[in-house]
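Just the heavy atoms: all of them, side chains too, but no hydrogens, waters or symmetry mates, feed the values below.
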Amino acid sequence: MMTTKETNGSGSGPGGEARGEQKRRQYRTQVAGVLVAAFTLSLAYSVTVTLTGSHEGYGMADPTLWVFYTVGFGLAALSLTDRVWAWWVIAAVVLALIAVGIFYYPTIFPPSAQTTLAWFENDVYVGLLILAEFLCVQRLRNVSLTPGK
């Protein structure tokens, strides 16, 4: 289990970086992994409903979806740069995506598309975005991840 703890940056980690720096680097891989999981789940859902035709008016033929997934996977790649400005961009975009997932998407979700799979995909997707946002905020606060005991 991982917990968060502020660090003074003393010590040395693998590759000669300070221990605190090495701990902050973990945010890169964790946020990237969470975002890849969220957008992979969403993409799998989109491909599934496109192939089955179960969500009328929604499918991979829509260029907006291609832009959406490009932005999503691009955010994951951006998190790997570990630049402060990138974390601010990621935090802002993920917060906007959470708001869309909670407040906008349900208003355009027709009853015919409200399947168990659709609800599962949406709830897990939004949950993963919330986790990514939490990790971004912790990284921006300079809170380091440390192994729990």
Side-chain angles (χ1 to χ4, degrees), residues 1-7 9 13-15 17-55 57-110 113-148:
M1 179 173 147
M2 300 298 278
T3 59
T4 57
K5 176 182 162 186
E6 303 232 12
T7 182
E17 68 269 0
R19 180 177 293 170
E21 180 63 26
Q22 191 266 339
K23 299 293 184 189
R24 276 195 304 271
R25 290 172 123 215
Q26 293 177 2
Y27 282 110
R28 293 189 316 185
T29 55
Q30 290 188 2
V31 170
V34 170
L35 290 174
V36 165
F39 288 102
T40 299
L41 173 66
S42 180
L43 179 60
Y45 172 77
S46 294
V47 169
T48 300
V49 298
T50 298
L51 294 175
T52 62
S54 60
H55 190 154
Y58 177 87
M60 293 303 295
D62 183 354
T64 306
L65 277 178
W66 290 92
V67 171
F68 172 75
Y69 291 120
T70 300
V71 168
F73 288 111
L75 286 174
L78 187 61
S79 72
L80 294 173
T81 67
D82 203 29
R83 303 248 163 90
V84 174
W85 66 265
W87 286 101
W88 282 105
V89 168
I90 295 163
V93 173
V94 169
L95 186 60
L97 290 171
I98 292 167
V100 167
I102 293 172
F103 298 111
Y104 175 70
Y105 186 67
T107 66
I108 62 166
F109 196 55
Q114 295 179 13
T115 64
T116 303
L117 175 63
W119 284 107
F120 174 81
E121 180 272 335
N122 186 62
D123 291 352
V124 173
Y125 167 76
V126 171
L128 288 168
L129 291 181
I130 291 169
L131 175 58
E133 184 70 14
F134 171 78
L135 291 170
C136 284
V137 168
Q138 296 307 308
R139 172 61 180 93
L140 288 167
R141 291 180 58 224
N142 286 321
V143 174
S144 294
L145 296 174
T146 57

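Looking at Ser42, its side chain never comes within 3.5 Å of a backbone N or O of Ala38 through a donor-acceptor pair. For Ser79 (side chain) and Val31 (main-chain N/O), no donor-acceptor pair under 3.5 Å exists by modelled atom type.
The nearest pair of heavy atoms linking Cys136 to Ala91 is CB-CB, 4.0 Å. The shortest non-hydrogen separation linking Leu128 to Val34 is O-CG1, 3.1 Å. For Thr81 against Leu78, the heavy-atom pair with the smallest separation is OG1-O, 2.7 Å.
Under the 4.5 Å side-chain criterion, counting only non-hydrogen atoms from C-beta, Tyr125 is in contact with Leu97. Contact of the Asp62 side chain with the Phe68 side chain is not registered, since no non-hydrogen atoms from C-beta on lie closer than 4.5 Å. A 4.5 Å side-chain heavy-atom check between Trp87 and Arg28 finds at least one atom pair inside the cut-off. Looking at Phe73 and Leu35, their side chains never come closer than 4.5 Å, going by heavy atoms from C-beta outward. A 4.5 Å side-chain heavy-atom check between Gln30 and Leu131 finds every atom pair outside the cut-off. When side chains are defined from C-beta on, Met60 counts as touching Leu43, because their heavy atoms get closer than 4.5 Å.
One distance of note links CD1 of Ile90 with CG of Leu95; it measures 13.5 Å at 0.5 Å rounding. Summarising the geometry, atom OH belonging to Tyr27 is positioned 15.5 Å from atom CG belonging to Leu80; distances are rounded to the nearest 0.5 Å. Summarising the geometry, atom CZ belonging to Arg139 is positioned 12.0 Å from atom CD belonging to Gln26; distances are rounded to the nearest 0.5 Å. To the nearest 0.5 Å, atoms OH (Tyr69) and OG1 (Thr64) are separated by 11.5 Å. A distance of 10.5 Å separates CG in Leu65 from OG1 in Thr70, rounded to the nearest 0.5 Å. One distance of note links CG of Leu41 with CZ of Phe120; it measures 6.0 Å at 0.5 Å rounding.
Within a 6.0 Å radius of OH in Tyr105, more than 12 heavy atoms belonging to other residues, nucleotides or ligands are found.
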